[in-house]
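Chain letters run A, B, ... following the sequence lines, proteins first and then strands; every chain starts at 1.
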There are 2 protein chains.
Amino acid sequence: MSIDKDLFKLKPIAYTTMADQVENHLREYIIKRSIKPGDPIPKETEIAQALGVSRNVVREALSRLRMLGMIESRKKRGMILTQPDVMKGLELIIHPTILDEHVRKQLFELRLVLEVGLGDLLFRRKSEEHMKKLDAIVEREQKATTQIERIRCEVDFHSTLYDMAGNETLKRFQDILMPVFEYVVEYESKLDHTSVGSVTHADLVKILYDNNPEAYPNAMRKHLMPHLSHL
Amino acid sequence: MSIDKDLFKLKPIAYTTMADQVENHLREYIIKRSIKPGDPIPKETEIAQALGVSRNVVREALSRLRMLGMIESRKKRGMILTQPDVMKGLELIIHPTILDEHVRKQLFELRLVLEVGLGDLLFRRKSEEHMKKLDAIVEREQKATTQIERIRCEVDFHSTLYDMAGNETLKRFQDILMPVFEYVVEYESKLDHTSVGSVTHADLVKILYDNNPEAYPNAMRKHLMPHLSHL
DNA sequence: AACCCTATTAAGTATTACATATTCAGGTAA
DNA sequence: TTACCTGAATATGTAATACTTAATAGGGTT
């Protein structure tokens with residue numbers, strides 16, 4: 001509770017550079033002026049002069065926003081605000097080899113949570129094509145002879161579910177996280193779990209055909225049980 | 001299908017700057033050399049010289065990675081790789097007033113999916129304290145007289161569930177998305193839905209006390225039905 | 001009115017210089 | 001020896017300047 005204690009808690013000092021400040025300033029500027037995608041933002045030199053910093057620093061801040069897809073710039077036309085891809089930031093950070101195991105595990109849990117809760121989106125948005133595709137995957141899986149082929153079917157099946165959900169953001173989220181999952185799957189398969197839950201892909205497809213949203217969550221839970229029991 | 005058609009689809013040209021290239025180069029460098037958090041990375045001048053670009057460009061690239069929390073730098077010690085917060089990128093982009101309604105709706109759906117699928121994490125990780133906290137919120141909610149107070153209880157309840165799940169990444173995800181949800185909630189309350197699903201918070205708490213993972217998903221679905229029926 | 005040429009503008013890149021903070025080594029005093 | 005002070009070396013942070021490049025606008029010619 002004492003002030004001294006809190007002081008010690010501070011990391012080597014939260015040093016904020018000019019670029020950090022300009023970045024924040026620009027964010028505030030965009031929000032306060034409620035600038036919308038397509039609208040122009042001031043020139044680099046104007047910003048630099050207005051904030052009393054070198055153009056160098058301004059460019060660092062702008063470079064960051066550009067990376068996130070928040071702004072675009074053309075040679076003469078200046079810069080405009082753009083509708084950012086909300087998952088862009090995730091994509092830039094998530095790389096399996098950089099993340100430690102703890103985080104990878106948490107992301108894998110996140111995936112399990114998503115698939116169990118996915119039902120209502122699926123039932124509302126499934127189409128003929130989607131169902132046919134699932135049928136085809138199940139058939140392919142039953143004919144599969146190699147472990148590699150089975151794993152491929154597994155990935156395709158669940159990936160198709162995300163397609164069916166008709167939510168681009170969710171789909172993108174899944175696509176970004178996929179490489180991490182593969183890492184975990186590999187890790188788990190080394191342990192013992194070549195086994196599959198008591199509910200098969202075919203069972204899940206049947207539930208989708210039967211239009212039975214009530215049955216979906218617990219069916220998926222059972223399907224994922226080998227993973228869930230690991231928590 | 002024709003090539004010409006595809007060409008037209010290309011945006012005004014995917015122009016890559018030197019900073020973009022250096023950024024990618026650094027990412028590859030980190031991955032290929034499997035540099036781990038805490039390990040040092042080359043000096044700015046070394047990078048600039050090695051890649052044949054100005055130090056300015058290198059600093060733009062480094063500035064981006066620094067923003068994402070992938071590296072840290074000290075005045076003399078040089079720069080080191082750090083374990084990035086996987087959700088940092090999301091946090092930087094997601095601001096309700098910037099996102100268009102379409103994306104906000106998708107994020108709201110994502111939240112619904114998460115809460116329905118959250119069960120298994122809850123049952124495995126709930127503690128005495130958590131349950132007490134939920135009890136207190138339910139009690140507070142029943143005594144509430146104003147709409148504002150009820151909404152606050154609503155937020156607290158679901159927020160506590162994410163706490164209970166014992167997954168920091170998931171919790172952080174929720175915290176970042178919360179402002180967007182508030183926007184949607186406000187939007188929905190304007191329509192008609194002051195009503196609540198047939199399953200109350202108290203019912204959900206009971207299921208948690210009863211250690212009944214099977215009942216959870218459909219109970220939460222019913223609780224969220226006013227929102228789900230909007231899909 | 002259609003076309004071409006030129007000037008202008010704003011972002012991208014390079015270079016140089018200096019400020020600042022941190023480490024390290026060396027030297028002095030107790 | 002130990003402790004403290006001091007200054008040099010170093011790498012990042014910031015500034016200033018100049019030049020390149022591409023896109024736009026405007027003016028003139030046919």
If you measure from the Lys or Arg side-chain nitrogens to the Asp or Glu carboxylate oxygens, is any gap between [X] and [Y] under 4.0 Å?
X	Y	answer
Glu23(A)	Arg27(A)	yes
Arg33(B)	Asp39(B)	no
Asp156(B)	Arg152(B)	no

[X] [atom1] to [N] [atom2]: how many Å, rounded?
X	N	atom1	atom2	result
Met79(B)	dG13(D)	CE	C1'	12 Å
Glu72(A)	dA23(D)	CD	P	14 Å
Lys43(B)	dA9(D)	NZ	P	18 Å
Tyr15(B)	dA11(C)	OH	P	13 Å
Gln49(A)	dA16(D)	CD	C1'	14 Å
Glu44(A)	dT17(D)	CD	P	17 Å
Arg55(A)	dT13(C)	CZ	P	11 Å
Ile80(B)	dT12(D)	CD1	P	12 Å

At under 4.0 Å, does any side-chain N or O of [X] touch on OP1 or OP2 of [N]?
X	N	result
Arg59(B)	dG13(D)	yes
Arg77(B)	dC24(C)	no
Ser73(A)	dG12(C)	yes
Ser54(A)	dT14(D)	no

Tell me whether the rings of His201(B) and Phe157(B) are parallel (<30°), tilted (30 to 60°) or perpendicular (>60°).
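His201(B) vs Phe157(B) ring planes: parallel.
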Which nucleotide sits closest to the side chain of Asn56(B): dA21(C), dT15(C), dG12(C)?
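Given the options dA21(C), dT15(C), dG12(C), the side chain of Asn56(B) is closest to dT15(C).
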Taking the side chain of Lys75(A) as heavy atoms from C-beta outward, which of dT22(C), dG12(C), dG13(D) is closest to it?
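Nearest to the side-chain atoms of Lys75(A), counting from C-beta on, is dG12(C).
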Toward the 5' end of DNA chain D, which comes first, Gly78(B) or Lys76(A), by nearest nucleotide?
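First, find each residue's nearest nucleotide; the 5'-ward one identifies Gly78(B).
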Can you list everything that forms a side chain to side chain donor-acceptor pair (under 3.5 Å) with Arg55(A)? Sequence neighbours excluded, please.
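Once residues adjacent in sequence are excluded, the partners of Arg55(A) under the side chain to side chain donor-acceptor pair (under 3.5 Å) criterion are Glu44(A).
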